[in-house]
Peer 1: 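After the structure tokens below, expect a handful of questions from me.
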Amino acid sequence: MSGAGALTHAEALQQIADRNGGNRATPGPGYDASVDYVVGVLRDAGFDVSTPTFVLRQRGGGRETVVRNVIAQTRTGSAEHVVMAGAHLDSVPEGPGINDNASGVATLLEVATRMGSSPPIPNVVRFGFWGAEERNLNGSKSYVESLSDSEREAIALYLNLDMVASPNAGYFVQGGADGPESRSGPPGSATVGRVLVDELAANGIAADLMRFEGDSDYAPFVDADIPSGGVLAGDSNKKTTEQADRWGGRVGDVFDACYHSACDRIETLDRTALDKFSDAIAGTIARFADAAEVPAR
Ligand code: ZN
């Protein structure tokens, strides 16, 4: 794995934003083009791809828009044990959303295409690309709500990527930290968090384990009692001296000065962070795709 492949996908999403008014927000043409791009990459790689829809009600008015998520999975592995990884595909209206969250999308596309659609694995690997995260997590919520009880129980774990190349990058892992279940994840999340920390350590990174904070697409999975983990490179918090000693970068500066703004562009991405997270995510998915490593619920 390398971040170079992921970077190619992030560049494509930047171009999509540039051609569509500077953003990829849901609803909008930049988001629709992002969906088409992701579907194309995954279909070309041989994955079983679907675009389940949900209805988004516009703020203020009563206008409704039909929005697509993208779901893709391997043609191999047992559907009784699904290893799922997801990232939101929309940006805020204020900018192209390349760290937030083309970086997560690009990383998953790179993992998927490297792994291929028919690897010799005991468990299915499924990828989710969510619409309207920046509105109210509508895409991931509607997906989890659409599952039957048995489909929900078949998801062994969910792994969330939301910003993995912040310009002044940190290395955070969510899942299994101390605290209430809504902030540490349901049983099994500690296993997910531990494997993520291990895989980053294998790439020379001493990550910080933290609670689920703020909002991202892990929330509906946590609420549905699915063991969950997440990674992020930081947003509007400031890097401490101790963190800079471990990770490099600028003490006292925020992790992403372009968070939710027009300058969240391809040029700002921390390519080292993209590399490290790509490797760690690939390693984590590979380990959980092996039946022995699925966390007990
Ligand atoms: Zn995000």
Side-chain angles (χ1 to χ4, degrees), residues 6 9-10 13-14 16-17 22-28 30-31 34-35 37-38 54 56 67-70 84-111 127-144 158-175 183 185 196 208 210-223 228-237 254-266 268-270 273-274 277-278 280-281:
H9 298 301
L13 292 166
Q14 174 70 65
I16 285 170
N23 72 73
R24 301 180 302 102
T26 324
Y31 179 75
S34 299
V35 168
Y37 176 77
V38 167
F54 60 97
L56 186 68
V67 179
R68 293 174 292 169
N69 287 326
V70 182
M84 183 154 194
H88 73 83
L89 182 53
D90 63 321
S91 73
V92 291
E94 288 78 14
I98 303 305
N99 182 43
D100 184 14
N101 184 33
S103 66
V105 169
T107 298
L108 288 186
L109 290 177
E110 174 67 358
V111 171
F127 299 96
F129 301 88
W130 314 119
E133 189 269 355
E134 302 286 11
R135 299 288 293 266
N136 189 23
L137 311 177
N138 304 67
S140 53
K141 275 183 191 165
S142 82
Y143 173 75
V144 173
Y158 175 72
L159 184 57
N160 194 61
L161 287 72
D162 193 353
M163 293 181 276
V164 294
S166 305
N168 187 30
Y171 294 86
F172 298 97
V173 168
Q174 298 158 310
R183 290 293 161 205
L196 284 166
D208 275 351
M210 62 181 285
R211 297 179 186 182
F212 292 110
E213 276 174 14
D215 255 343
S216 189
D217 297 299
Y218 49 71
F221 291 87
V222 167
D223 290 346
S228 297
V231 289
L232 75 160
D235 49 36
S236 48
N237 294 327
V254 297
F255 294 103
D256 186 356
C258 289
Y259 178 60
H260 282 185
S261 38
C263 64
D264 180 6
R265 296 182 53 83
I266 191 80
T268 72
L269 295 188
D270 182 324
L274 192 61
F277 275 117
S278 294
I281 294 299

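None of these values were measured; they are calculated from a predicted model. Heavy-atom basis, side chains included; hydrogens, waters and symmetry copies ignored. As the structure lists them, so they are numbered: ligands from 1, and atoms in each ligand from 1.
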Peer 1: For D162 and S216: C-alpha separation, side-chain torsions, deciding distance, then whether side chain to side chain donor-acceptor pair (under 3.5 Å) applies.
Peer 2: CA-CA 7 Å; D162 193 353; S216 189; 2.8 Å; yes
Peer 1: Can H88 and D100 be counted as having a side-chain donor-acceptor contact under 3.5 angstrom?
Peer 2: yes
Peer 1: Tell me which one of S166, S236, P167 satisfies side chain to side chain contact (heavy atoms under 4.5 Å, CB included) with Y259.
Peer 2: S236
Peer 1: Within the stated cut-off of 2.8 Å, is an N/O/S atom of E133 closer than that to the Zn ion (ligand 1)?
Peer 2: no
Peer 1: Kindly state whether the ring of Y171 and the ring of F277 have centres lying under 6.0 angstrom apart.
Peer 2: yes
Peer 1: Would you check if the Zn ion (ligand 1) lies under 2.8 Å from any N, O or S atom of D162?
Peer 2: yes
Peer 1: Taking the Zn ion (ligand 1) as the reference point, name the nearest N/O/S atom of H88.
Peer 2: NE2
Peer 1: Could you tell me which N, O or S atom of D100 is nearest to the Zn ion (ligand 1)?
Peer 2: OD1
